[in-house]
Amino acid sequence: MQENKERIDQVIQFCLLVAGEEDNFAHRSLGPIHLLKYVYLADYYYAIRNQGETYTGIPWTFYNFGPWSAQVHSRLEPALKAILAEKYIGQSDYGDGEFTRWSASDENRLSSISRSIPSSITLKLKRDIHRHLQDTDSLLSFVYSTEPMINAAPDELLDFNILASVDGYSLEQAKPSKLSAKKEKKRSAAMDKLKEKWKENAQAKSKLVSPIKSPRYDKVYDSGISWLTQIDGPPIQNDQIEMKFDESIWKSGLRRNGELS
């Protein structure tokens, strides 16, 4: 699919205007990094429902632990100026230069743009924007856990085709099959048996003797604490270390099963 600038602009505008719905004025602004990741999520949700095809046609890249697109970055300013968004440039508290924030609030414009974007995108994306807003850490963590990201290595293009099977089953297939009258009767009897066993266990537990509620502070206790203190060793010193991993870790099963982020 070819890159669609009109769709890119609409999604960018939608994201900022959704943030503009927040009651707290401080939460209404978004920076370039937030807007870019939200556009990625728009493509992600669309691809799930459309056999791996993205909404914007953008070639996304795994860059600096997240999805990146120079095309989206270049469209931010013109797209936001078109809806008269306010731009704020401030000085970072961490001494690493300036930062940019955009803000806009227009209920009618948001309603109009929402009708131009598929609901498979707007419903979930709106939820994500209100959940993460400008919280960079939580947003990056969420984006990083998506399938195109965890199946790619740094500097690789993200493959959305792996999402083709995510939505590839019907809700009817997901519903449990109806039991026959015989099996239903058997299941009901098993449930009754479990309930009776639970009652018996509950009655047995009520007859147990309560344990000692307070510890005994005596010579034995003091000796034990003294011994534990002696074998504890010197306190651990704060330090920084550098670890190197083999490049194969990016395609390992650890990233895909959630054991390694």
Exercise for the section: Using the six-membered ring wherever Trp is involved, compare the ring planes of Y40 and W60 and label them parallel, tilted or perpendicular (cut-offs 30° and 60°). Expected result: perpendicular
Practice task
State, yes or no, whether a side-chain contact exists between L17 and S105 at a heavy-atom distance under 4.5 Å.
Solution key: no
Practice task
Please check if the side chain of S226 supplies one atom and the backbone of D222 the other of a donor-acceptor pair under 3.5 Å.
Solution key: no
Handout entry: Any side-chain heavy-atom pair of L84 and D106 under 4.5 Å
Key = no
Practice task
Give, for atom CG of L133 and atom CG of L139, the distance between the pair rounded to the nearest 0.5 Å.
Solution key: 9.5 Å
Problem - side chain to side chain contact (heavy atoms under 4.5 Å, CB included) between R109 and E107, worked out - result: CA-CA 6 Å; R109 194 186 295 272; E107 187 177 338; over 6 Å; no
Problem - Nearest heavy-atom neighbours spanning S138 and H132 - result: OG-ND1, 3.0 Å
Exercise for the section: Would you sort out whether Y88 and F99 count as a side chain to side chain contact (heavy atoms under 4.5 Å, CB included), showing the intermediate values? Expected result: CA-CA 8 Å; Y88 171 77; F99 68 89; 3.9 Å; yes
Problem - Side chains of L110 and S114 in contact at under 4.5 Å (non-hydrogen atoms) - result: yes
Problem - Spacing of CG belonging to L16 relative to CZ belonging to R101, to within rounding of 0.5 Å - result: 11.5 Å
Exercise for the section: Start with the C-alpha gap between L125 and C15, add the side-chain angles, then the distance that decides, and say whether side chain to side chain contact (heavy atoms under 4.5 Å, CB included) holds. Expected result: CA-CA 8 Å; L125 189 56; C15 293; 3.9 Å; yes
Practice task
Report yes or no: do T56 and N4 form a side-chain donor-acceptor pair below 3.5 Å?
Solution key: no
Handout entry: Closest non-hydrogen atom pair between Q71 and S74, with its separation
Key = O-OG, 2.8 Å
Exercise for the section: Starting at CG of D9, measure out to CG of L76 and round the result to the nearest 0.5 Å. Expected result: 9.0 Å
Practice task
Would you check if P32 and T100 make a side-chain contact, meaning some heavy-atom pair closer than 4.5 Å?
Solution key: yes
Completion exercise
Between S145 and F142 the two heavy atoms that sit nearest each other are OG-O, 2.6 Å
Handout entry: E77/K87 salt bridge by N-O under 4.0 Å criterion
Key = yes
Practice task
Start with the C-alpha distance between L158 and T146, add both sets of side-chain angles, then the distance that settles side chain to side chain contact (heavy atoms under 4.5 Å, CB included), and finish with yes or no.
Solution key: CA-CA 11 Å; L158 301 186; T146 57; over 6 Å; no
Practice task
Measure across Y55 and I117 and return the closest heavy-atom pair with its distance rounded to 0.1 Å.
Solution key: OH-CA, 3.9 Å
Practice task
Could you tell me whether the side chain of F160 reaches within less than 4.5 Å of the side chain of T54, counting heavy atoms only?
Solution key: yes
Handout entry: Distance-only donor-acceptor check, side chains H130 and E22, under 3.5 Å
Key = yes
Fill in the blank from the handout: Distance col, row K81:NZ vs E86:CD, nearest 0.5 angstrom, shows 13.5 Å
Practice task
Could you pull out the closest heavy-atom pair between I129 and A19, with the gap in Å?
Solution key: CG2-N, 4.0 Å
Handout entry: Parallel, tilted or perpendicular: rings of F62 and Y144 (30°, 60°)
Key = perpendicular
Problem - Taking every non-hydrogen atom, the tightest pair across D128 and Y38 - result: O-OH, 3.9 Å
Practice task
Determine, for E21 against R28, whether the closest basic-nitrogen to carboxylate-oxygen distance falls under 4.0 angstrom.
Solution key: no
